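The next block holds one structure in the form of structure tokens; read it before the comments.
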Number of protein chains: 2
Amino acid sequence: MSDSNEEMFKQLVETLNQDNTMTQKQLQILEAAIKIISEKGYYNTSTSEIAKQAGVAEGTIFRHYRTKKDLLVAIVTPVVTNISAPFFAEQFVDQAFSKSYQTFEEFLYAFVENRFEFVKTNVPLLKIVLQELSFHPEIQAAYKRAFTEKVHPAMCEVLNHYKKRGDLKDIPNQTMIRMAVPSIIGFLITRFIIQPNAEWNDEQEIKQTIDYIMNGIGK
Amino acid sequence: MSDSNEEMFKQLVETLNQDNTMTQKQLQILEAAIKIISEKGYYNTSTSEIAKQAGVAEGTIFRHYRTKKDLLVAIVTPVVTNISAPFFAEQFVDQAFSKSYQTFEEFLYAFVENRFEFVKTNVPLLKIVLQELSFHPEIQAAYKRAFTEKVHPAMCEVLNHYKKRGDLKDIPNQTMIRMAVPSIIGFLITRFIIQPNAEWNDEQEIKQTIDYIMNGIGK
DNA sequence: AATAAAAGTGAGTAATCACTCGCTAACTGT
DNA sequence: ACAGTTAGCGAGTGATTACTCACTTTTATT
């Protein structure tokens with residue numbers, strides 16, 4: 001278990017090291033920070049503890065990050081991009097429009113499966129985001145912006161497309177989003193955060209969730 | 001605005017002062033603690049700050065609460081009872097069974113309206129619970145216990161009753177709960193925490209939410 | 001090989017924190 | 001009116017914190 005976990009954390013860190021400009025020690029710092037902060041929270045994690053866990057002098061942390069908060073932001077900011085990645089990609093709307101998916105339900109299924117896998121491989125990072133979002137307005141702002149500028153418009157385009165095809169009820173997009181999004185997020189949170197150790201039949205749960213959503217907004 | 005807020009906080013505190021055994025100063029401490037902690041979080045709030053805001057010496061806080069965490073627990077523990085109050089009451093299941101509500105939809109409507117009002121008048125307290133839940137296992141345990149022992153069984157009874165009446169689909173209770181609960185909580189969180197300042201047509205939103213749920217689990 | 005720049009170190013520091021303690025003031029029961 | 005208990009005070013304390021800085025080691029450049 002600890003083996004696979006170590007693997008996991010290294011994978012997480014590599015996502016943050018997109019430019020490959022980071023030192024070995026810097027990667028160790030990020031790895032340790034994600035691990036400890038996701039378990040105990042930002043304010044319960046001291047920089048000395050991170051340094052120790054990373055096998056690094058405390059000064060080294062501050063060579064790379066001016067403040068402790070800078071370190072948090074460096075961890076948390078990239079996540080917003082990855083969470084909403086499908087909506088940023090030009091592909092997304094095109095794919096939805098193309099013949100890849102015959103119905104909205106098919107599209108939704110592919111989407112939920114995709115985000116399911118993302119959450120599955122990023123639980124520690126997402127835990128940090130969830131926990132710290134309330135306390136750091138700058139982080140909030142980043143997420144709010146990504147949502148209003150990218151995610152929401154992309155969602156609307158897709159919904160409009162399938163409305164024309166007659167797959168969806170004649171309800172305002174706003175309303176559909178406000179109903180469907182919590183259904184998906186609610187499932188993911190119970191699955192990976194509230195009851196991660198329960199026995200889950202993932203495929204079945206996803207299908208049930210989509211059925212539920214389709215009953216609410218589908219024709 | 002600050003007037004109505006002061007009113008609100010005093011009301012919140014009186015809920016915690018059920019035995020009426022508390023000193024004036026103790027009430028001031030709770031009022032100040034709820035206010036500051038709900039805004040800035042537990043770890044960003046110092047006891048000296050609470051004392052200052054409460055107009056009290058710092059030592060007075062520790063006369064009533066052995067530790068800072070004891071103060072948090074004193075604030076947060078009673079909330080669990082109030083959140084799940086309807087499920088504790090013997091009334092609840094009886095009411096659901098009686099002729100008060102002809103259909104499950106009527107029952108659900110009354111329930112959601114009731115919880116809506118509760119959340120509305122307890123936003124600061126609920127913010128604290130939401131924010132601190134991840135970091136304090138004891139608090140988690142209290143909520144988990146209330147859910148498995150009281151809330152979940154009561155829900156099941158009610159669902160079974162309306163299933164027999166033919167109001168609900170033939171789906172496991174477990175599944176119904178996992179779908180319906182996030183719909184309600186999702187609405188309340190967007191309404192009071194994510195977008196508290198948006199223009200809301202509350203009655204309409206509640207009806208839409210219930211429609212959505214009924215499409216998913218109703219016949 | 002020489003030089004400069006960047007990465008890494010760890011003892012040191014000022015500030016802040018939760019909490020204590022010896023004291024006084026206010027209340028309570030007789 | 002008195003004694004005993006509880007409430008309130010606030011200067012003081014030891015521990016911990018994020019962060020600094022003078023110094024060494026490693027890496028990159030020519």
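The sequence lines fix the lettering, A, B, ..., with proteins before strands; numbering per chain opens at 1. Computed from a prediction, not measured in an experiment: that's the story for all the values here.
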Q. CZ of A/R63 versus C1' of C/dG10: gap in Å, rounded?
A. 12 Å
Q: Can you tell me the distance, in whole Å, between the NZ atom of B/K52 and the P atom of D/dC9?
A: 16 Å
Q: Starting at atom CD1 of B/I29, determine the distance to atom P of C/dC19, rounded to an integer number of angstrom.
A: 14 Å
Q.
From CG of B/D70 over to P of C/dA18, roughly how many Å is that when rounded to an integer?
A. 14 Å
Q: With B/K40 as reference, evaluate B/E49, B/Q131, B/K35 under the side-chain contact (heavy atoms from CB on, under 4.5 Å) test and give the passing residue.
A: B/E49
Q) Would you say the side chains of A/T47 and A/E58 form a donor-acceptor pair under 3.5 Å? A) yes
Q: Nearest whole angstrom, please: distance from the P of D/dA7 to the CD of B/Q26.
A: 8 Å
Q. Checking ring-ring contact (aromatic ring centres under 6.0 Å, His included) against A/F111, which of A/F118, A/F116, A/F87 comes through?
A. A/F87
Q: Quick one: closest heavy-atom pair of A/Q140 and A/L133, and the distance?
A: NE2-O, 2.9 Å
Q: Let me know the distance between OH of A/Y65 and P of C/dA7, rounded to the nearest Å.
A: 12 Å
Q. Closest to the A/F62 side chain: D/dA7, D/dT20, C/dC19?
A. D/dT20
Q: Give a yes or no on whether a salt bridge exists between A/E39 and A/K127, defined as a side-chain N under 4.0 angstrom from a carboxylate O.
A: no
**Q.** Atom pair distance, as rounded to whole Å: CE in A/M22 and C1' in C/dA6
**A.** 16 Å
Q) Do we see a donor-acceptor contact under 3.5 Å between the side chains of A/K25 and A/H64? A) no
Q) If you check the A/K25 side chain, which of D/dC19, C/dG8, D/dG8 turns out closest? A) C/dG8
**Q.** Atom-to-atom span, OH of B/Y43 to P of C/dC17 - whole angstrom
**A.** 15 Å
Q.
If we ignore hydrogens and angles and just use 3.5 Å, is the side chain of A/W200 paired with the main-chain N or O of A/F192 as donor and acceptor?
A. no
Q: Do nucleotides 10-17 of chain D as a string where each nucleotide becomes B, S or -: B if the base has a protein heavy atom under 4.0 Å, S if just the sugar-phosphate does, - if no protein is that close.
A: B------S
Q: On the 0 to 90° scale, with breaks at 30° and 60°, tag the B/F104-B/F107 ring pair as parallel, tilted or perpendicular.
A: tilted
Q) Which heavy atom of A/G186 sits nearest a heavy atom of A/T190, and at what distance? A) O-OG1, 2.5 Å
Q) Per the end-axis method with five pairs at each terminus, what is the bend angle of the helix from C/dA1-D/dT30 to C/dT30-D/dA1, to 10°? A) 30°
Q) Distance check: side-chain N/O of A/H64 vs OP1/OP2 of C/dG8, anything under 4.0 Å? A) yes
